[in-house]
Amino acid sequence: MEKLKIEVAGIEFKNPIVIASGPAGFGDEFFKYVSPSTIGGFTTKTVTPQPKDGNPPPRLVYTKGGLLNSIGLQNPGVDTFVREVAPNLPKETVRIISIGGESVQDFLEVGQKVEEFADMIEINLSCPNVREGGTISSNEKLSSEILFACSYSLSKPLIAKLSPDGDILKQAEVALKNGIKIVNVGNSLQGAKFNINDGKPFLKRVVGGLSGPALLPITLWKVYQVKAMFPQLEIIGLGGVNNPKDVLECAIAGASLVSMGTHAMIDPEGIDDFILKTEKLLEERKVSFKELVGCSHRGGYR
Amino acid sequence: MEKLKIEVAGIEFKNPIVIASGPAGFGDEFFKYVSPSTIGGFTTKTVTPQPKDGNPPPRLVYTKGGLLNSIGLQNPGVDTFVREVAPNLPKETVRIISIGGESVQDFLEVGQKVEEFADMIEINLSCPNVREGGTISSNEKLSSEILFACSYSLSKPLIAKLSPDGDILKQAEVALKNGIKIVNVGNSLQGAKFNINDGKPFLKRVVGGLSGPALLPITLWKVYQVKAMFPQLEIIGLGGVNNPKDVLECAIAGASLVSMGTHAMIDPEGIDDFILKTEKLLEERKVSFKELVGCSHRGGYR
Amino acid sequence: MEADVKAMKYSSRKEYFLLSFEYDEKDKVEPGQFFRLKTPTGPYIARPYSVYDFEDGVLTFLIKSGGEFEEHLKTSKKIIFDGPLGNAIPSLDNPLLIAGGVGYAPLHFYAKRNKSHLIVGSKDEELFNLVDIPPASVYTVEPTTALDVAKHSPTTNIIACGPIKMLSRAKEMFRDRNLFLILEEKMACGRGMCEGCAVMTSDGVKFVCKDGPTFSAKEVNLNWRN
Amino acid sequence: MEADVKAMKYSSRKEYFLLSFEYDEKDKVEPGQFFRLKTPTGPYIARPYSVYDFEDGVLTFLIKSGGEFEEHLKTSKKIIFDGPLGNAIPSLDNPLLIAGGVGYAPLHFYAKRNKSHLIVGSKDEELFNLVDIPPASVYTVEPTTALDVAKHSPTTNIIACGPIKMLSRAKEMFRDRNLFLILEEKMACGRGMCEGCAVMTSDGVKFVCKDGPTFSAKEVNLNWRN
Ligand SMILES: Cc1cc2nc3c(=O)[nH]c(=O)nc-3n(C[C@H](O)[C@H](O)[C@H](O)COP(=O)(O)OP(=O)(O)OC[C@H]3O[C@@H](n4cnc5c(N)ncnc54)[C@H](O)[C@@H]3O)c2cc1C
Ligand SMILES: Cc1cc2nc3c(=O)[nH]c(=O)nc-3n(C[C@H](O)[C@H](O)[C@H](O)COP(=O)(O)OP(=O)(O)OC[C@H]3O[C@@H](n4cnc5c(N)ncnc54)[C@H](O)[C@@H]3O)c2cc1C
Ligand SMILES: Cc1cc2nc3c(=O)[nH]c(=O)nc-3n(C[C@H](O)[C@H](O)[C@H](O)COP(=O)(O)O)c2cc1C
Ligand SMILES: Cc1cc2nc3c(=O)[nH]c(=O)nc-3n(C[C@H](O)[C@H](O)[C@H](O)COP(=O)(O)O)c2cc1C
Ligand code: FES
Ligand code: FES
């Protein structure tokens, strides 16, 4: 597995495959199917200061080749999380804890409480399913303040999870200016679906987050742009990855880590094989993952 | 076909199905397969002041469930267009001529030359495949000036074709402020794909425009938002429509017309049947297309 | 796991079909449990279906036509499946089973393995020509619903499966009986990870896939959905 | 139009396959023409394939494995097709046909209907075990390419089909002969509407689907692509 190794922000990843926040929950069920020693990193479902029931059903809508979700950040709240979940996160993989909230205070509170259990902390600025008036990332001032406060107060490497719906370069710039060195590009894309039998939206909040393979070209272009403009940022490529080939494409576009949400959720048993196949693709091409990172900006690797 | 009729900006459409600009070219080939009397409207490929060769190949990349294109607005230029193409556009359908360019001057020149052959003019502010530094719609000042000048100088009903990549509400506001009453939401979404065998992008400009069924939920959410914020705007829903059900969904979200590009291109022979099936869906539900328009904002139709 | 489609049998007007394939029973399959099914070409998210029958190593499902899964089945020879998932229907003493439409699927399987009375309702008569219904069962076509019939039964133990409106009405009607409801919510993971198939209970949010699909009527708050 | 897959025959290591289905010849099918193929479940955009053979109402295609179309074919029993599209290869007097890899497809069909000499090159030997090659043809495995062999032929009329690099080299090598190239570009509409399959010619931009796929080598500027 030499060809898959990569270091990001001083943390060793045995491979670049990171399970995304949400679809795999807090890991309790997920790790019944997947050995933590096979995956590069695991991101927990987002944790907020208070427990959240999440949105009333339906929370899912099937779309052609995709999935629309409106979970609404259901989670037990940081205190229960820290007591019952966090200590059990497997140490055989890089533990990324995703933190959420509404205000600077919220993020600081959660960040400080979870920090000791995390190898990295992901700041979720881009959930499409909770706030009225858009994601946090669509509010430049608020996201600046949150990122600045977290950079100042937390000592674990921080990831800012950006939104594919806003201006990705602006968001990356805001992250960089506020001390963030790793950005996750990105969350699910905002979408909706309507019931033709009654003329109403399927989801009560109308909007949901679209995930699935079709997002991949969109993700790749965003990763490419961010890498072109801010080569000093480390990027997590996320959105639509569903095939070992996609992992290589993300690296080529500029991602140092590659994350998967929906695909890991629908086929947890297949992840082992997925990682082996990724390695095989690299071996066949006699190139390491690290060498691929951002190589399209240098005229390719061959 | 009573249930399908709709009037927009004083123009009668026998049905709301409008062929989108580009994939069906200038109609010469397309109308060998489709009778103009079956479709509500036909939008020409975008016309620019000077002839354009378009981008060098490859211009197309297949993606999972979608298509990435980088045509680059190949067209014969407005003078040849007006001489050889425009006079032959079939009058049995609403003729929408799409105009493009770089500057206010460009748009005015093309608009004025094509006006006499058009029932409506679509101002293409959102082509992802020509300008360095993004689409025109990403430049608020330039798009304001173009729209203002066109509103002032052209007398046919105008459509502003917006970009799904930018802030759609901001773009709609700019259109409205500059005298535009119809917005097309929207163009193809920006995407990229990389060759894992050499580490280079498949497309020379890296970016292309993603079209296909997966876009539909994204389109629907954008249509919904624009209708919620600017009920006075008429909306063309475009992006991912590929099934008669989708036509109803677009109307429910707020679209007065529904446009199809890629689907019309890959199955021109099927359009007739597509429109019949759309009508049948309405009949089964005892509702007209017009009654559906925006009904999700009024609590549904049932 | 993958299997070849063994049979796909439609009802007369193709409103419903029975789908079967071979399953080498590694895990015990119990009435009330479901499998997630898709084909190699789609849909992207596998759909959950209750087991309608499991005999001689063959699993059968009763499915309503019209969706994306059927679209792919029309051409695919292969099924990709995952299961059994979810919990078994509790073993009750001689319960009354009330089914609405394809809600009959898990109850058919339950009735085969447990002594019980059965009432099946359907808007669409052709369902009854496709499925097999044990002798001495009642079946009824709207406007007389399965619930209208069930009202007259004195049985204490009741298990109902069908459209959400039917379940809500059952909950109203049978307040003082020992009623179980087999619930349905859109699912993505089918294993209690994604938080997609939420149901509100007296004990907080639970998940249909992991904690259900059968719930005691007293425990669940169906109004959360509306 | 729709058809049932009649046969799908793989080469030994599954690098190539022959796909056939029945076609009721409404429009005449000529060597050089292509069909757009997909299955009811995908890929989203049908892929163009040159006719490899058409006999007794059965169309056959020679296809390289590994893409999305094959993925769907693995399970689908049905083909959705559209064609014949494009133009026939011009009828030349006893031409030399040079094929590289699956570029052999249109030339196989041409050779069956027209007197000609044939040289087929392939990196991968197993191609030759799958396809049939007329007697007195030459076939060669890299590093000796079909072009290396063709160099020694004095024939004036040449038709070449294969990878773009091979075609560029052929254009260089046979400057003073009457060379035709069968080109390939990604296609979406296949009918000259979408402007997707552009090729630069001495007469401006043309389209492989509508104006080709066969072009006179003199006419095309292959450097535009690079
Ligand atoms: C535990 C469990 C057990 C289940 N058991 C069964 C079972 O035994 N049998 C069974 O049939 N189902 C069962 N279901 C439901 C099943 O999982 C699927 O949800 C169902 O089959 C629909 O999926 P689909 O792919 O067929 O259709 P989808 O593609 O999801 O579409 C569903 C329906 O909506 C319609 N539709 C699509 N778009 C729109 C629109 N815009 N507006 C209005 N309507 C639209 C479609 O035409 C179709 O009729 C069960 C569900 C659960 C959770
Ligand atoms: C006129 C014409 C005639 C043709 N005739 C034939 C013919 O007779 N026989 C034939 O085989 N083809 C022919 N083609 C080519 C054919 O149309 C398809 O392009 C080809 O089969 C690939 O399509 P696909 O669906 O199989 O693969 P796709 O899914 O499009 O993939 C193509 C290849 O790229 C690989 N790939 C996917 N993603 C990446 C990535 N990120 N980086 C690098 N590689 C990647 C895939 O593994 C696969 O090998 C013809 C084309 C034209 C225009
Ligand atoms: C069911 C579900 C729940 C999710 N929950 C969260 C979450 O709690 N926090 C978060 O940052 N992202 C969440 N996401 C977004 C994913 O992390 C990911 O960004 C998105 O799904 C796109 O990637 P994919 O296409 O690989 O799934 C969720 C996505 C899904 C489908
Ligand atoms: C091959 C191709 C060419 C296009 N050319 C144009 C164009 O000239 N002008 C324009 O405004 N949009 C153009 N578009 C965008 C389409 O009009 C449409 O906005 C987009 O494809 C999304 O809709 P769809 O999913 O229905 O195809 C083109 C799209 C494709 C696929
Ligand atoms: S389907 Fe994921 S929690 Fe039930
Ligand atoms: S494929 Fe559309 S012009 Fe050739």
Side-chain angles (χ1 to χ4, degrees), chain A residues 61 63-66 68 128 138 165-167 189-201 206-208 210 212-225 228 240 242-253 281-282 285 287 291-292 294-296 298-302, chain B residues 61 63-66 68 128 138 165-167 189-201 206-208 210 212-225 228 240 242-253 281-282 285 287 291-292 294-296 298-302:
Chain A
V61 185
T63 67
K64 247 187 212 169
L68 212 51
S138 67
D165 282 292
D167 181 335
L189 254 164
Q190 294 175 24
K193 193 165 151 71
F194 295 85
N195 189 332
I196 63 171
N197 297 324
D198 60 15
K200 295 174 193 155
V206 189
V207 69
L210 184 71
L215 297 194
L216 183 69
I218 302 170
T219 301
L220 289 168
W221 171 235
K222 291 190 193 289
V223 169
Y224 181 89
Q225 289 176 277
N242 67 94
N243 188 298
K245 280 195 206 114
D246 306 344
V247 176
L248 275 62
E249 285 200 63
C250 281
I252 291 167
L281 287 177
L282 292 169
R285 286 162 183 77
V287 66
E291 288 166 311
L292 284 188
C295 75
S296 63
R298 306 185 294 267
Y301 71 90
R302 181 167 294 162
Chain B
V61 185
T63 67
K64 247 189 210 167
L68 212 51
S138 67
D165 282 292
D167 180 334
L189 254 165
Q190 294 174 25
K193 195 164 151 72
F194 295 85
N195 189 333
I196 63 170
N197 297 326
D198 60 14
K200 294 173 194 156
V206 189
V207 69
L210 184 71
L215 297 195
L216 184 69
I218 302 170
T219 300
L220 289 168
W221 170 236
K222 292 192 192 287
V223 169
Y224 181 89
Q225 291 177 90
N242 67 94
N243 187 298
K245 280 195 206 116
D246 306 343
V247 176
L248 275 63
E249 285 200 63
C250 282
I252 291 167
L281 286 178
L282 292 169
R285 285 159 182 79
V287 66
E291 288 165 311
L292 285 188
C295 75
S296 62
R298 304 184 296 267
Y301 71 90
R302 183 168 292 162

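Numbers restart at 1 for each chain; the letters A, B, ... are given by sequence-line order, proteins then strands. This structure is a prediction, so every number in the text was calculated from the model and none was measured.
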Looking at side-chain heavy atoms only, is the closest gap between [X] and [Y] below 4.5 Å?
{"X": "B:L292", "Y": "B:L282", "result": "yes"}
{"X": "B:T63", "Y": "B:K193", "result": "yes"}
{"X": "A:L220", "Y": "A:C250", "result": "yes"}
{"X": "B:N242", "Y": "A:K64", "result": "yes"}

From [atom1] ([X]) to [atom2] ([Y]), nearest 0.5 Å:
{"X": "B:C295", "Y": "B:Y301", "atom1": "SG", "atom2": "OH", "result": "7.5 Å"}
{"X": "B:W221", "Y": "A:L189", "atom1": "CH2", "atom2": "CG", "result": "13.0 Å"}
{"X": "B:S138", "Y": "B:Q190", "atom1": "OG", "atom2": "CD", "result": "8.0 Å"}

Q. Taking all non-hydrogen atoms of both residues, which atom of B:E291 and which atom of B:R298 are closest, and how far apart?
A.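 Smallest heavy-atom distance, with atoms named: O-NH2, 2.9 Å.
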[options]: which one forms the most heavy-atom pairs within less than 4.5 Å of chain B?
{"options": "A:K200, A:E249, A:R302", "value": "A:E249"}
{"options": "A:A214, A:P217, A:G166", "value": "A:P217"}
{"options": "A:L248, A:D167, A:V206, A:L68", "value": "A:V206"}

Option in [options] with maximal non-hydrogen atom pairs under 4.5 Å from chain A:
{"options": "B:N195, B:V287, B:L215, B:N197", "answer": "B:N197"}
{"options": "B:I196, B:V223, B:I252, B:V61", "answer": "B:I196"}
{"options": "B:G66, B:G299, B:G65", "answer": "B:G299"}

Go through the atoms of [X] and report whether side chain, backbone, both or neither lie under 4.5 Å from a heavy atom of chain A.
{"X": "B:I218", "value": "both"}
{"X": "B:D198", "value": "both"}
{"X": "B:L210", "value": "side chain"}
{"X": "B:Y224", "value": "side chain"}
{"X": "B:D246", "value": "neither"}

